[in-house]
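Proteins get letters first, then strands, A, B, ... in listed order; numbering begins at 1 in each.
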There are 2 protein chains.
Amino acid sequence: MRKKIYVHVADDHKILIEGIIAIIKTDKDIEVNGFSLNGAEVLEWFSKKKNKADVLILDITMPVIDGIEVLKHLNKLKIDHKTIVLSSYDDVKIVEEMLKLGCLGYISKNNAGEHIINAIKAVSRGEQYFSDDIQRKLIKSISGQSVPEGNLPNKFVIEQLTDRELKVLKLITEEYNTTQIADKLNIGISTVDTYRKNLLRKIKVKNSVGLAMYAVKNNIV
Amino acid sequence: MRKKIYVHVADDHKILIEGIIAIIKTDKDIEVNGFSLNGAEVLEWFSKKKNKADVLILDITMPVIDGIEVLKHLNKLKIDHKTIVLSSYDDVKIVEEMLKLGCLGYISKNNAGEHIINAIKAVSRGEQYFSDDIQRKLIKSISGQSVPEGNLPNKFVIEQLTDRELKVLKLITEEYNTTQIADKLNIGISTVDTYRKNLLRKIKVKNSVGLAMYAVKNNIV
DNA sequence: GAGTAACTCCCTATAAATGGGGAGCTGAAT
DNA sequence: ATTCAGCTCCCCATTTATAGGGAGTTACTC
């Protein structure tokens, strides 16, 4: 019998983790030996030497630290990882960004079930694995638009947001306008304006709607 | 041996459906005999007479028709249902709205795994079932703020959006401004203004950020 | 003690969004 | 044949957001 493959699962929805565990149980070569509910837990788990997983299944949108940041930190900490990204956002740019960060597999949540076992086995051998729909999108992107090589990544390189900026961002997503936010935080309108300007610059979006979308996608709200 | 409980699962993420099926498989009294990936499919399934499920497990946020609308339609069509709502939004107001629409159980996705079997058995007997965190929130809401009885529901009673309104809504979430939307749709700026006004009125939010938040929460984007 | 980051506020000016109304046209349904 | 919903566009007026800049305070680090 061949060596067991140990898997760590990270997703902020426990039901999804449990589902994956249940699916993986059907294959006796694979075993889930750890899971995390947010990015910080992943890093903590992997930084403990006694813990070891052959494959990391990683959701992108998680609270505290998101999947993108997790990969960056793992790389920075020189922690070897074979990561499968599990995502509801099938934006090609994000796929490419994750690939640059060293993930080996990318599966859309829409059809993860049929792919997850094969994906784990493939990446544990060091191979790449993408679910059908991701493959289609990647091919379309490459063939169709010949992917503008240089200008993808920095959309995701967000400067750290300060406490105040985060508070303002949260209130923006709750549909408050500048005056109301100023009232709620007991600061001046100009100050809120400044924070919004900082947010727009840092997150690189065009307007408050963009801020809100960023907040949702990154579980800040 | 007692009679088997048949379950229909509705969620737009197939992996979640598969996870639930895998979990339910561990109990031999329960069997999943159908699933849907959106609200329209649920209604279609239940309106066919040969199909029958004792329990419907229903996600709130689904494309085409969301969980709230599904319950309304089931009620309108006089289709008997024992529904467990499965949700990531633990807003008490939504829980109460769903209860008014006749759902028997309400489980947060965060701890669905440990609850789902018991919840199915409970509601199949006609009992109510809520996961711990939902119970806590309901109690807190009732005891703490003595729930303003009358003013909850209509936040969720959304008039049907037209094709054009949906297109505009989608473009708003993509950070386009009125002029750019007008260009993209080859219509006048005033027209886009009209659609935005209609959207604000129908969805009952204060600004475009509110529209964007509604759109993500309802998987319109 | 100089530097820096975060927090705070201000000015000016333009662009955009919001709120209220009205109104014509079309195609499908009763 | 009329009604009605959806699509389209317009008017007016006001509020808000966006964009560019500057600048003072604290608090913490090197």
### Message
Heavy-atom nearest nucleotide on DNA chain D for A/Y176 versus B/S190: which residue maps closer to 5'?
### Response
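The 5'-side residue here is B/S190.
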### Task
Find which nucleotide of DNA chain D each of A/V209 and B/D163 is nearest to by heavy atoms, and output the residue with the more 5' nucleotide.
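Between the two, 5'-proximity favours B/D163.
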Nearest-Å distance for atom pair [atom1]/[atom2], residues [X] and [N]:
{"X": "A/D183", "N": "D/dT16", "atom1": "CG", "atom2": "P", "result": "11 Å"}
{"X": "A/N177", "N": "D/dA17", "atom1": "CG", "atom2": "C1'", "result": "10 Å"}
{"X": "B/N186", "N": "D/dC7", "atom1": "CG", "atom2": "C1'", "result": "14 Å"}
{"X": "B/K197", "N": "D/dC10", "atom1": "NZ", "atom2": "P", "result": "12 Å"}
{"X": "B/D193", "N": "D/dC12", "atom1": "CG", "atom2": "P", "result": "15 Å"}
{"X": "A/L171", "N": "D/dA17", "atom1": "CG", "atom2": "P", "result": "12 Å"}
{"X": "B/N198", "N": "C/dG20", "atom1": "CG", "atom2": "C1'", "result": "13 Å"}
{"X": "B/R201", "N": "C/dA17", "atom1": "CZ", "atom2": "C1'", "result": "17 Å"}

Sugar-phosphate only, base, or nothing, as touched by [X] at under 4.0 Å among non-hydrogen atoms:
{"X": "B/S208", "result": "sugar-phosphate"}
{"X": "B/I189", "result": "nothing"}
{"X": "A/N207", "result": "sugar-phosphate"}

### Any donor-acceptor N/O pair, B/T194 side chain to B/S190 backbone, under 3.5 Å
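The answer is yes, because a donor-acceptor pair under 3.5 Å joins these two groups.
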### Query
Do B/E165 side-chain atoms and B/Y195 backbone N/O form a donor-acceptor pair below 3.5 Å?
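No, the answer is negative, given that no donor and acceptor are paired below the 3.5 Å cut-off.
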### Query
Does the D/dC7 base have a donor-acceptor partner in the side chain of B/T162 within less than 3.5 Å?
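Result: no qualifying N/O pair found.
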### Task
Could you tell me whether the side chain of B/T191 has a donor or acceptor atom within less than 3.5 Å of a complementary atom in the base of D/dC9?
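Checked by distance alone, the answer is no.
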Over all atoms of both residues, closest heavy-atom pair of [X] and [Y]:
{"X": "A/I120", "Y": "A/I57", "answer": "CD1-CD1, 3.9 Å"}
{"X": "A/G67", "Y": "A/L58", "answer": "O-CD2, 3.6 Å"}
{"X": "B/M98", "Y": "B/Y106", "answer": "CG-CE1, 3.9 Å"}

### A/T178 vs D/dA17: side-chain N/O to OP1/OP2 distance below 4.0 Å
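Yes.
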### Query
Quick one: is C/dT8 close enough that its OP1 or OP2 comes under 4.0 Å of any side-chain N or O from A/Y195?
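For A/Y195, the contact criterion (side-chain N or O under 4.0 Å from OP1 or OP2 of C/dT8) is met.
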### Task
Output the single nucleotide from C/dT18, D/dC10, C/dC9 whose closest atom is nearest the side chain of B/L200.
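Between C/dT18, D/dC10, C/dC9, the one nearest the side chain of B/L200 would be C/dT18.
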